Structures are given as C-alpha cells and as structure tokens.
Amino acid sequence: MKKLNVLISGASVAGPVLAYWLHRHGFNPTIVERAPARRDGGYAVDFRGEAHLTVLRRMGILADLERARTGMSHMSYVNAKGRPVAKMPADLFAGDLEILRGDLTRILYAATKDRAEYVFGDSITSLTEDADGVTVTFERGAPRRFDLVIGADGLHSNTRRLAFGPEERFVKHLGVYCAIFTTENHLGLDHTGHAYRTANRLAALYSARNNTEAKAVFYFGSPDLDLDRRDVARQQAVLAETFTGNGWESDRLLREMRYAPDFYFDSVGQVRMDGWTRGRVALVGDAAYCPSSLSGMGSGLALVGAYVLAGELAAAHGDHRVAFARYEEEMRDYAAGCQKLGDGVAKLMVPGSRALAAFLNRYYKVMPYLPGASMASKMARKAAEGIALRDYAVRS
Ligand SMILES: Cc1cc2nc3c(=O)[nH]c(=O)nc-3n(C[C@H](O)[C@H](O)[C@H](O)COP(=O)(O)OP(=O)(O)OC[C@H]3O[C@@H](n4cnc5c(N)ncnc54)[C@H](O)[C@@H]3O)c2cc1C
C-alpha cells in the first residue's frame, strides 16, 4: 500500500479523528489549523447510538469522554424574573454521552498529537493538482506537496471554497444566529441550565465543568447578516443590539461577554452538496454535510465520516478514486438522515412571534408528561444509528 501524505485543513473534531484513523491505517497525516492553538469553547456536543460509541471505543477514548461528561440533570425555561416555568429532563433531548466541545477537542488532540504533524496559525491559499499529487500554498508556510488534501474546516470551509466554489452555492442559512461563551456561574446553577425565550430570541445560561463555570448561549432569528467571521467586535455589537433590554440576565451576560476567553459566534446553517470529493480533494464533517449546530448531530456525523473516509482509503490500498467513491456511497443516506433533524429545530428555538413564543413556553410546561415526549431523542437516535459501520482492518 502507498503511504499517502495527507493534508487535513481544520483541527476541531473531523480533522483530528481523520488524522487518528489515517495514522492507524499506515498513512501520514498533517493538520493545518488557522487558529494559533487548539480552539476551546462552544457548549456541549452529543454522541448517541452504537455507531458513534463504536468509533469512540475503537479509538480508545470512550472512557476519557465518559469521565468528562457534562452530567446535566435538567433544564428550566424561566420567566423574566428568572423563576422556572417549565422543566425539561435532560434525557428528553440528550444522547448517550454529552460532553463540552472544548473537552472533546482536548481529548482528540491528546490522542493525535504524536500521530500527526500539527501546523497551527496557518491556512491554505491555493491547491494545484496534477497527476501525482497536489501542490499546496499557505498564508505563512512554504509551499508543500501532498498526495491528498481533506477539508475538515467546518461550515465555512476554506478547502471547499478553493476546490468546489463559493460558499453561497452550498450553505443554506437557517435564519438563526448563535453565540456561546464561557462566563461565571453567577446563578449558582447545579448541573442545570436556565433559558429565557422571547419572540425571535433565546438567552440561556448552563452550568459547566462541575458548576465551576457556566456557558452563556444566545440564539436569535435573522436573515444572513454577511458579517466578517473574524470581526469579533462587530459580532459582539450585533449581539448587544439584539439583546440589550431583553430581560432576565441578558444585560449582565452582555457585559460579561466582553471578557470571555472563548467567544464563539456563527450562523446556523446546513451544507448541501451533490458530491464531497473532487480529484485529490475531499471534504469531511461540517465542511461536507453540516447538519446545523441545532441538530445535535454535527460531531457524531463528523466522527463517523472521518472514520469511514480513512477506512475506505485503507480498504482501497490508498487508491483515492476507489476510496472517495466508496466514502460518498457509504455516507450519502446517513448524512441526509442526520440533516433532516436540523431543519425544523431552528424555527422552534427562536419562534418568530410573541404568540408562538408564549405558546411554546406553555407547551414546554406539560410536554415532559405527554406520551411521546422523548420523540426528539428517539428520532435523533434512529438517524445516528442509520449506518452499518465496517470494521476496517488497522495496521497499528
Ligand atoms: C469554537 C467552536 C465552537 C463550537 N461550539 C459548538 C457548540 O457549542 N455546539 C455545537 O453543536 N457545535 C459547536 N461547534 C461546531 C461543532 O464543533 C461541529 O458542528 C462538529 O463538531 C463538526 O466538526 P468539524 O470538525 O467538522 O467542524 P468545526 O468544529 O467547525 O471545525 C472546523 C475547524 O476548522 C478550522 N478552520 C476554519 N477555517 C480554516 C482555515 N482556513 N484553515 C485551517 N483551519 C480552518 C476552525 O478553526 C475549526 O477548528 C463549534 C465549533 C467551533 C470551531
């Protein structure tokens, strides 16, 4: 088998998982990440069903993840005075394993730092493919040659733009923006969260890391704002304009936002593409088939996609043409099933009118007691389990 040199763009979830499996199959992965160091931050991600757990178990990191699980008990919707008006048990929505995104990426980095070359603080600027490989140029580093280039660089993938075309062709904005940052647990929340919903807006605070800190989360409905993704000051200004005077803890959280170590802001969107591979370039995770951050499926789908892509490259003895075709075939229906879940959630998260917001607040009061209350969790599990994972033979 040819020992392929594979460049991966993006060191969040899909990138490190892919690097891990490529290395175990005898390939040579390099990861380039635009951020200067591993990116912490974000709230929780969920893994559910046998496919997710099997990949984590085969990577030998399931026990580490279980030790870091959030252990959330329930979440309360509160009124403007902060009084709980509806209580949602965590298991109505949660998967089998909920973990802070930052803890997940820390564990993935530890599992891969000796298996892959990591290059932080750089980004691909051009890809020129010929019969034997791809010449890659970078913003900072010298040009290098690779056999394959894989974009694991998320919803706004740089690799996708360079190899497939502009983002507008592939990303569907779901009409919602999201901001998340770490802050003080000033409400003394104990493995729980408070969420305050008004027309078109939701603000929430969840305790994290054994209540030693909290995650502030904001969602608001808006058409595409065409914001510069690196302009944090502008993003924070938009958030402040939207939530100032909104009630509950909004104003305090907006003040604390200025000091957050890990402010994250993004549109909620889905990626829809007819094909995820072109020549020697392929996409994995959110870059290829982002189901939206509201689906609760992004990390699990990225995990499975990376496992399958690496496995198919090994099964095809490094022949990327065969492997890429098999990867698309294995993942197509699975990704579509996971994406279906992301569609409707956006409208429920930030209902467009006061009447609908009030109705949902009342409905959530009784929902835990209704038959079929855990339907969302059952549907998510069904989608997450919608693939029969192959047991690709590994070399080490
Ligand atoms: C900081 C952060 C916080 C998040 N918080 C949440 C959350 O709270 N809840 C949730 O459900 N999902 C969250 N997500 C998204 C979630 O991680 C993904 O949906 C899912 O895990 C799939 O991961 P991915 O690796 O495909 O993409 P992503 O997690 O989006 O990772 C993409 C990676 O590529 C890097 N990158 C981007 N552009 C370039 C470039 N030009 N060159 C090199 N690298 C580049 C990014 O810095 C990032 O590390 C967050 C993502 C990030 C980056």
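Order of appearance sets the numbers: ligands from 1, and atoms from 1 within every ligand. One-based numbering along the sequence shown. Note that the structure is a prediction, hence the values are computed from the model and not measured.
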Candidate list Arg69, Arg67, Arg209, test side-chain hydrogen bond (donor to acceptor under 3.5 Å, both in side chains), partner Asp103, passing option: Arg209
Using a 3.5 Å cut-off on N/O to N/O, what pairs does ligand 1 make with the protein? A line per pair would be great.
unit_1, atom_1, unit_2, atom_2, d
ligand 1, 8 (O), Tyr43, N, 2.5
ligand 1, 17 (O), Arg101, NE, 3.3
ligand 1, 19 (O), Asp286, OD1, 3.4
ligand 1, 19 (O), Asp286, OD2, 2.6
ligand 1, 21 (O), Ser299, OG, 2.7
ligand 1, 25 (O), Val13, N, 3.0
ligand 1, 25 (O), Ala14, N, 2.9
ligand 1, 26 (O), Asp286, N, 2.9
ligand 1, 29 (O), Ser12, OG, 2.6
ligand 1, 31 (O), Ser12, OG, 3.3
ligand 1, 41 (N), Ser123, OG, 3.0
ligand 1, 44 (N), Arg34, N, 3.1
ligand 1, 47 (O), Glu33, OE2, 2.6
ligand 1, 47 (O), Arg39, NH1, 2.9
ligand 1, 49 (O), Glu33, OE1, 2.7

Which residues share a side-chain hydrogen bond (donor to acceptor under 3.5 Å, both in side chains) with His320, sequence neighbours left out: none
Tyr392-Tyr307 aromatic ring centre distance below 6.0 Å: yes
Side chain to side chain donor-acceptor pair (under 3.5 Å) contacts touching residues 36-46 (sequence neighbours left out): Arg38-Thr105
Interatomic spacing from OG1 in Thr54 to CD in Glu385 - rounded to 0.5 Å: 9.0 Å
Hydrophobic cluster partners of Trp248 (side-chain heavy atoms under 4.5 Å): Val78, Tyr177, Phe181, Leu187, Leu189, Tyr196, Leu205, Phe218, Phe220, Leu225, Leu227, Val232, Val238, Leu239, Phe243, Leu253, Leu254, Met257, Phe263, Phe265
